[in-house]
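Notes to accompany the following structure.
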Amino acid sequence: MQGHGHGQPAKKPPHLAVLVLLRVLFVAAGFLSIGFLAWAMLLRLAAVTRRPLDWGLFVTALFADIAAIVLVANDPSDDASGIGGTLGMCLVLITLASATTYYLIAEIRHYGRREREFTARSVPAYGYPGPAARPYATPVIPTMPAAPAMSGMPTPPPTAPHTPVPGPPPVVPPPHRPAPARIDQVRAELDELSDYLRKHDGQHDGRREDGNGR
């Protein structure tokens with residue numbers, strides 16, 4: 001016994017255009033044959049619905065058409081205007097009208113119900129989880145096999161990754177200043193130049209005074 005929700009999946013009904021075309025063909029066959037092929041519509045319906053009632057109606061319509069053919073064929077009049085011919089034609093027309101009406105109504109309801117069932121089976125009901133999605137497989141990363149340790153040799157412990165320690169910032173050297181010896185040398189040269197100029201000015205003034213005395 002199957003549990004709830006585990007029945008056979010509903011089949012999608014044919015396209016509406018296909019159904020309309022088949023209905024037009026079967027109804028046209030019944031009318032073009034003046035009702036003598038009305039049983040074909042009920043045969044189509046019984047094959048679709050597979051209900052005992054529709055099979056019984058198909059057999060009834062088939063026997064009614066056969067009886068109408070027998071009545072019309074055994075009518076003694078030339079134009080089948082006698083009692084037998086009239087009863088036969090009335091039976092054919094009644095069978096045609098009844099079969100056409102019942103065929104169209106029953107088939108439209110049947111396929112409408114199938115369409116609703118297919119829609120209900122396709123959309124998960126409220127409160128019931130839908131089909132579980134297939135989980136993605138986790139990729140397996142191959143690892144290199146560890147080298148076997150040599151007998152009698154201890155395995156060194158794994159070393160931690162070396163992290164570089166940031167060093168101190170570079171020291172900018174101070175601007176170069178002249179050495180004190182160089183300053184003293186320049187100062188001595190300036191003093192010598194001053195003495196020389198004073199001596200030169202003194203000799204020039206002495207010569208000028210001697211010239212004036214003479």
Side-chain angles (χ1 to χ4, degrees), residues 1-140:
M1 181 176 180
Q2 296 178 347
H4 177 73
H6 294 280
Q8 295 181 355
K11 296 181 180 180
K12 184 177 181 180
H15 197 273
L16 181 60
V18 177
L19 297 177
V20 172
L21 179 61
L22 291 175
R23 291 165 191 166
V24 171
L25 291 177
F26 279 97
V27 172
F31 276 91
L32 292 177
S33 63
I34 319 176
F36 290 103
L37 294 179
W39 54 267
M41 291 182 285
L42 298 178
L43 176 61
R44 152 77 180 172
L45 180 63
V48 169
T49 61
R50 300 180 181 179
R51 295 191 304 173
L53 175 61
D54 296 334
W55 285 110
L57 291 176
F58 158 66
V59 174
T60 302
L62 181 61
F63 277 107
D65 287 341
I66 293 175
I69 292 174
V70 172
L71 289 175
V72 172
N74 292 331
D75 188 81
S77 60
D78 296 336
D79 55 354
S81 58
I83 297 177
T86 303
L87 290 176
M89 293 304 299
C90 290
L91 184 60
V92 166
L93 295 178
I94 292 173
T95 303
L96 175 62
S98 303
T100 303
T101 304
Y102 180 77
Y103 163 70
L104 293 177
I105 294 175
E107 189 179 76
I108 291 173
R109 288 181 178 177
H110 171 73
Y111 281 110
R113 183 170 57 254
R114 282 185 55 182
E115 182 70 27
R116 290 191 297 272
E117 290 177 357
F118 176 76
T119 304
R121 295 284 181 86
S122 301
V123 180
Y126 179 77
Y128 290 92
R134 184 177 179 182
Y136 291 98
T138 304
V140 179

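Predicted model only: the values in this text are computed from it and were never measured. Just the heavy atoms: all of them, side chains too, but no hydrogens, waters or symmetry mates, feed the values below.
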For residues 14-26, tabulate all N or O donor-acceptor pairs below 3.5 Å that involve a side-chain atom, not counting sequence neighbours.
| from | atom 1 | to | atom 2 | distance (Å) |
| --- | --- | --- | --- | --- |
| His15 | ND1 | Ala17 | N | 3.1 |
| Arg23 | NE | Glu107 | OE1 | 2.6 |

Task: Residue pairs passing the side chain to side chain donor-acceptor pair (under 3.5 Å) test where at least one lies in residues 57-69, sequence neighbours excluded - done: none
- [ ] Could you please spell out the steps behind the side-chain contact (heavy atoms from CB on, under 4.5 Å) verdict for Phe58 and Leu45?
- [x] CA-CA 9 Å; Phe58 158 66; Leu45 180 63; over 6 Å; no
Task: Spatial distance of atom CZ (Arg114) from atom NE2 (His110) [nearest 0.5 Å] - done: 5.0 Å
TODO: Could you tell me the separation between the CG atom of Leu43 and the CG atom of Leu37, rounded to the nearest 0.5 Å?
DONE: 11.5 Å
Open item on the list: As an exercise, state the distance from CE of Met41 to CH2 of Trp39, rounded to the nearest 0.5 Å.
Closed with: 11.0 Å
Task: Rounded distance (nearest 0.5 Å) linking atom CD1 of Ile108 with atom OH of Tyr103 - done: 9.0 Å
Task: Sequence-distant partners of Arg51, salt bridge (Lys or Arg N to Asp or Glu O under 4.0 Å), two or more places apart - done: Asp54
TODO: Find the distance between CG (Asn74) and CD1 (Ile69) and round it off to the nearest 0.5 Å.
DONE: 11.5 Å
TODO: Give the minimum heavy-atom separation between Ala68 and Leu91, together with the two atoms involved.
DONE: N-CD2, 4.0 Å
Task: Nearest heavy-atom neighbours spanning Leu96 and Ala38 - done: CA-CB, 3.9 Å
Task: Distance, nearest 0.5 Å, that separates CG of Leu71 from OG1 of Thr86 - done: 10.0 Å
